[in-house]
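Letters go in sequence order (proteins before strands), and every chain restarts at 1.
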2 protein chains.
Amino acid sequence: MTTPAGRASAGRTPTERADRPEHAARPERTERADAARNRLRILDAARRLLAADGFAELSLDAVAKEAGVGVGTVYRRFHNRAGLVYALIEDNETRFQEAFARHCGDGAPSAYERLRAFLHGMAELVDDNRELLLLAEASAPAGRYHSTPFRRHHEQVVGMVTELAPGVDAAYLADLLLMAYTPGLFDFQRTERGWDVDRIKGGLDALIAGIGAAPPVTPCAG
Amino acid sequence: MTTPAGRASAGRTPTERADRPEHAARPERTERADAARNRLRILDAARRLLAADGFAELSLDAVAKEAGVGVGTVYRRFHNRAGLVYALIEDNETRFQEAFARHCGDGAPSAYERLRAFLHGMAELVDDNRELLLLAEASAPAGRYHSTPFRRHHEQVVGMVTELAPGVDAAYLADLLLMAYTPGLFDFQRTERGWDVDRIKGGLDALIAGIGAAPPVTPCAG
DNA sequence: GCACCAACCGGAGAGGTCTCCGCTTGGCGT
DNA sequence: ACGCCAAGCGGAGACCTCTCCGGTTGGTGC
């Protein structure tokens, strides 16, 4: 998300700037050197603080101090705590995508198997990053739906579901499937309900097996 | 935006963490008269403020002032903002339960029809209380799973699913079905995706129809 | 080089959440 | 009636998030 597309700015006179809506189609400016340096510093400081103090709390004031920048700089860059945490998350997401692609690239399995592999992979990913995801959710519960990882996951699941069961509302089902990995729910199931990851995988397996097997409304016996 | 639940100062305080299941679990001790009076005052003040200023913000300082009590009193009673908001929600929940019972009490429809009615009713309930639910979720995303309404809903859905499809993991499926009404998701679907309530109802209908129709794992063809 | 200026920086301050703790009081036993 | 005391009260204060804005600087056109 952070890679700047190096595009030189066309010289603009200040008068032009006034009569156009500011955030309409702002061409991507290259990030200034000091800004880039500070962004890295902040991300690094956050990781350090998280590792040291645990995931229960993450004060952006503290992050700023650790990074050696002012608070304003942190907020300018990441908007709010949720923004910072989501930026941290994108990293892990990349690794997941690679693993999933590797898993599905060869052999080209059926849609069912790919969906199953995806869902199982998600279970492991969420389990591994539980604390960070919980922090992200606590910071901005609704932020998830707008996040790059969620959107990408949704797209992928829609594709597989469409292939698996052409009749169903794939977009809706994808939402629901992804909701299985809402951090708070997942943690509640693992911790409070005492379920292991296999139970969750199994529940999802059964669900998608049913979907793949049965036409959406008419019963099998019919 | 707002800090999740607790402050977690250096030394752990002996006071209980906030996201415990205890909202409605009042100890057997009878509430003192002044405490009861203040609780009502606070609830009332909160409703008044919400109606007047909108649901975007609800400062407990302001609630305390409006109620004519100290901040400490508010926090003693409701632990944190989430607690106060969930207390407000329980009210609407009661009305929903009554409607659902009335709907299902006579005629004793099939499990499928009862589940369908329940899910549709939830859709309306969530749609009607979107703002309040969003506020609750923002205050404590994980608090939902511990709340009395969620637990009751879960129990009810488990019962209906068990009856409908004895082979499946009813507890897991109930979780998933209820996640369809996560406030953030629902609002995202309605607002951002531009879906209407019927689309959501329809998606759920198809899902439970499939579940009722197909045996959990073996495909029809087998 | 040099001048210009948009983007960037930093930190004071507004406003919120929640805790701490000394004072007050309702309800009970006698 | 009366005394006791756990439960309740209130608000100062610690700490946090996020905004605002005057001063600074990297990168560009000339």
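Here C:dC18 presents its C1' atom at 14 Å from CG of B:Leu84, a figure rounded to the nearest Å. Atom-to-atom, CG of A:Asp61 to P of D:dA14 comes out at 16 Å; the value is rounded to the nearest Å. Rounded to an integer number of Å, the gap from CG of B:Leu60 to C1' of C:dG16 is 9 Å. Going from atom CG of A:Leu135 over to atom P of D:dC16 covers 14 Å, rounded to whole Å. Atom CZ in B:Arg76 sits about 18 Å away from atom P in C:dT17, given to the nearest Å. When the P atom of C:dT19 is taken as reference, atom CZ of B:Phe78 falls 15 Å away, rounded to whole Å. Rounded to a whole Å, the OH atom of A:Tyr75 is 13 Å from the C1' atom of C:dG15. Computed from coordinates, the A:Lys65 NZ to C:dG10 P distance equals 14 Å when rounded to whole Å.
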task = Quick one: do A:His153 and A:Phe118 satisfy ring pair (Phe, Tyr, Trp, His ring centres under 6.0 Å)? Show the steps, please.
result = CA-CA 9 Å; A:His153 294 162; A:Phe118 179 91; 5.6 Å; yes

inquiry  = Applying side chain to side chain contact (heavy atoms under 4.5 Å, CB included) to A:Leu204 and A:Tyr181, what does each step give before you reach the verdict?
reply    = CA-CA 11 Å; A:Leu204 253 9; A:Tyr181 297 115; 3.2 Å; yes

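B:Arg81 has no side-chain polar atom (N or O) that falls below the 4.0 Å cut-off from OP1 or OP2 of C:dC18. Between A:Asn38 and the phosphate of C:dC9, there is a side-chain N or O to OP1/OP2 separation shorter than 4.0 Å. Put simply, B:Arg77 has a side-chain N or O that comes within less than 4.0 Å of OP1 or OP2 on D:dC9. Checking the phosphate oxygens (OP1, OP2) of D:dG10, a side-chain nitrogen or oxygen of B:Thr73 falls inside 4.0 Å.
Using a cut-off of 4.0 Å between Lys/Arg side-chain N and Asp/Glu carboxylate O, B:Asp196 and B:Arg190 are scored as not salt-bridged. A salt bridge links B:Glu31 to B:Arg77: at least one charged side-chain nitrogen sits closer than 4.0 Å to a carboxylate oxygen.
Where B:Gly72 and B:Ala62 meet DNA chain C, the nucleotide closest to each residue was compared, and B:Ala62 sits on the side nearer the 5' end.
Taking the six-membered ring where tryptophan is involved, the planes of A:Phe150 and B:Phe188 are perpendicular, since the angle between them exceeds 60° and thus also 30°.
Counting heavy-atom neighbours within 6.0 Å of A:Glu155 CD, excluding the residue itself, gives a total of 12 or less.
In this model, no donor atom of one side chain and acceptor atom of the other lie less than 3.5 Å apart for A:Glu137 and A:Thr182.
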Please list, one pair per line, the donor and acceptor atoms closer than 3.5 Å that link side chains of residues 40-65 of chain B to other protein atoms, with sequence neighbours excluded.
residue : atom : partner : partner atom : Å
B:Arg48 : NH1  : B:Glu66 : OE2          : 2.4
B:Ser59 : OG   : B:Asp61 : N            : 3.2
B:Ser59 : OG   : B:Ala62 : N            : 3.2

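At a non-hydrogen distance threshold of 4.0 Å, B:Leu58, B:Ser59 from residues 51-59 of chain B come into contact with DNA chain C.
Checking side-chain atoms of B:Tyr172 against main-chain N and O of A:Gly202 turns up no donor-acceptor pair under 3.5 Å.
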Review item, nucleotides 27-30 of chain C N/O atoms under 3.5 Å of protein N/O:
residue : atom : partner : partner atom : Å
C:dG27  : OP1  : B:Ala33 : N            : 3.0

